[in-house]
Amino acid sequence: MSPPPNYLRAHRKRSSLTQADIAFLMKLPDYSNISRYEKGQREPSVEFLLVYHLLFNTTVESFFETQSGIILPGLVEQVQQLIDNLKKEKPHDPRIKFLKGALIRINQTNHL
């Protein structure tokens, strides 16, 4: 089974930067890990994702659109279920307001 696609390489290629350039910016001895991250052979570190986010002025989610699309429906369902559970136990729990706001934000951002 091949790893799900990511868009790390596409963002880098649009900028004309090389893997060696990214390795230099991250103070890495070589670009082998950059290659593995871009091919999906290794999960990128938080630091790596933040560097790409800052360099390419894009959201972390945009690097993993396929995975986000898979995760999102389940998250929405779980948030709604938690809201329902909280309403039964504590109808005025402040977590309900937060979770409702999160659902609105998620739905607006992802056009569900």
Side-chain angles (χ1 to χ4, degrees):
M1 185 170 162
S2 63
N6 67 55
Y7 298 94
L8 298 168
R9 182 176 187 268
H11 281 81
R12 180 184 54 77
K13 290 293 244 179
R14 273 188 242 136
S15 72
S16 300
L17 292 175
T18 66
Q19 290 177 345
D21 295 333
I22 300 294
F24 176 83
L25 294 171
M26 295 187 68
K27 299 179 183 178
L28 298 173
D30 61 50
Y31 61 86
S32 60
N33 282 335
I34 308 297
S35 177
R36 288 181 188 105
Y37 295 149
E38 289 184 359
K39 290 178 183 176
Q41 295 171 340
R42 179 178 277 176
E43 289 293 319
S45 67
V46 171
E47 178 184 4
F48 180 83
L49 291 173
L50 288 173
V51 166
Y52 267 51
H53 159 72
L54 294 167
L55 275 175
F56 306 123
N57 192 31
T58 189
T59 65
V60 173
E61 296 90 23
S62 71
F63 299 130
F64 301 96
E65 290 177 13
T66 303
Q67 294 94 319
S68 292
I70 293 167
I71 292 168
L72 191 61
L75 176 61
V76 168
E77 185 178 316
Q78 288 301 108
V79 169
Q80 188 59 59
Q81 188 173 355
L82 181 55
I83 290 170
D84 294 343
N85 292 346
L86 290 170
K87 281 181 177 178
K88 290 175 189 171
E89 295 172 22
K90 293 180 172 181
H92 302 291
D93 192 313
R95 294 178 290 173
I96 295 169
K97 182 178 178 181
F98 172 82
L99 291 167
K100 284 182 175 181
L103 273 181
I104 291 168
R105 187 178 67 253
I106 290 168
N107 287 329
Q108 287 173 345
T109 303
N110 295 288
H111 310 290
L112 290 177

Qualifying residues under side-chain contact (heavy atoms from CB on, under 4.5 Å), relative to Leu49, sequence neighbours excluded: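 Leu49: side-chain contact (heavy atoms from CB on, under 4.5 Å) contacts with Leu8, Pro44, Val60, Phe63, Phe64.
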
Under the criterion side chain to side chain contact (heavy atoms under 4.5 Å, CB included), I'd like the reasoning laid out for Leu17 against Phe56: C-alpha separation, chi angles, the key distance, then a yes or no. CA-CA 11 Å; Leu17 292 175; Phe56 306 123; 4.0 Å; yes

Over 12 foreign heavy atoms within 6.0 Å of CG, Asn57: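 12 or below, so no.
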
With a sphere of 6.0 Å drawn around CD of Gln80, does it hold more than 12 non-hydrogen atoms of other residues, nucleotides or ligands?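 Enclosed: over 12 neighbouring heavy atoms sit under 6.0 Å from CD of Gln80.
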
Dump the intermediate steps for side chain to side chain contact (heavy atoms under 4.5 Å, CB included) on Ile22 and Leu55, then the final yes or no. CA-CA 10 Å; Ile22 300 294; Leu55 275 175; 3.8 Å; yes

Hey, are the side chains of Ile83 and Lys87 touching, using non-hydrogen atoms and a 4.5 Å cut-off?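 A side-chain contact exists here, since the closest heavy-atom pair is under 4.5 Å.
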
Just wondering, do His11 and Thr58 contact through their side chains at under 4.5 Å, heavy atoms?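 Side chain of Thr58 against side chain of His11, heavy atoms only: contact under 4.5 Å found.
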
Could you please spell out the steps behind the side chain to side chain contact (heavy atoms under 4.5 Å, CB included) verdict for Lys100 and Ile96? CA-CA 6 Å; Lys100 284 182 175 181; Ile96 295 169; 3.8 Å; yes

To the nearest 0.5 Å, how far apart are [atom1] in [X] and [atom2] in [Y]?
X: Ile70; Y: Leu75; atom1: CD1; atom2: CG; answer: 14.0 Å
X: Leu86; Y: Phe98; atom1: CG; atom2: CZ; answer: 12.0 Å
X: Asn85; Y: Leu99; atom1: CG; atom2: CG; answer: 11.0 Å
X: Ser32; Y: Gln41; atom1: OG; atom2: CD; answer: 10.5 Å
X: Met26; Y: Leu50; atom1: CE; atom2: CG; answer: 9.0 Å
X: Gln19; Y: Ser35; atom1: CD; atom2: OG; answer: 4.5 Å

Qualifying ring pair (Phe, Tyr, Trp, His ring centres under 6.0 Å) pairs with a residue from residues 13-51, counting only residues at least two apart or across chains: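 Every ring pair (Phe, Tyr, Trp, His ring centres under 6.0 Å) pair that includes a residue of residues 13-51, provided the two are not neighbours, is Tyr37-Phe48, Phe48-Tyr52.
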
Determine which pairs satisfy salt bridge (Lys or Arg N to Asp or Glu O under 4.0 Å) with at least one residue from residues 6-22, sequence neighbours left out, and list them in order.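 Counting only pairs at least two positions apart or across chains, the salt bridge (Lys or Arg N to Asp or Glu O under 4.0 Å) contacts touching residues 6-22 are Arg12-Glu38.
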
Connected via hydrophobic side-chain network under 4.5 Å: Val76 and Leu82: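 Shared cluster, yes.
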
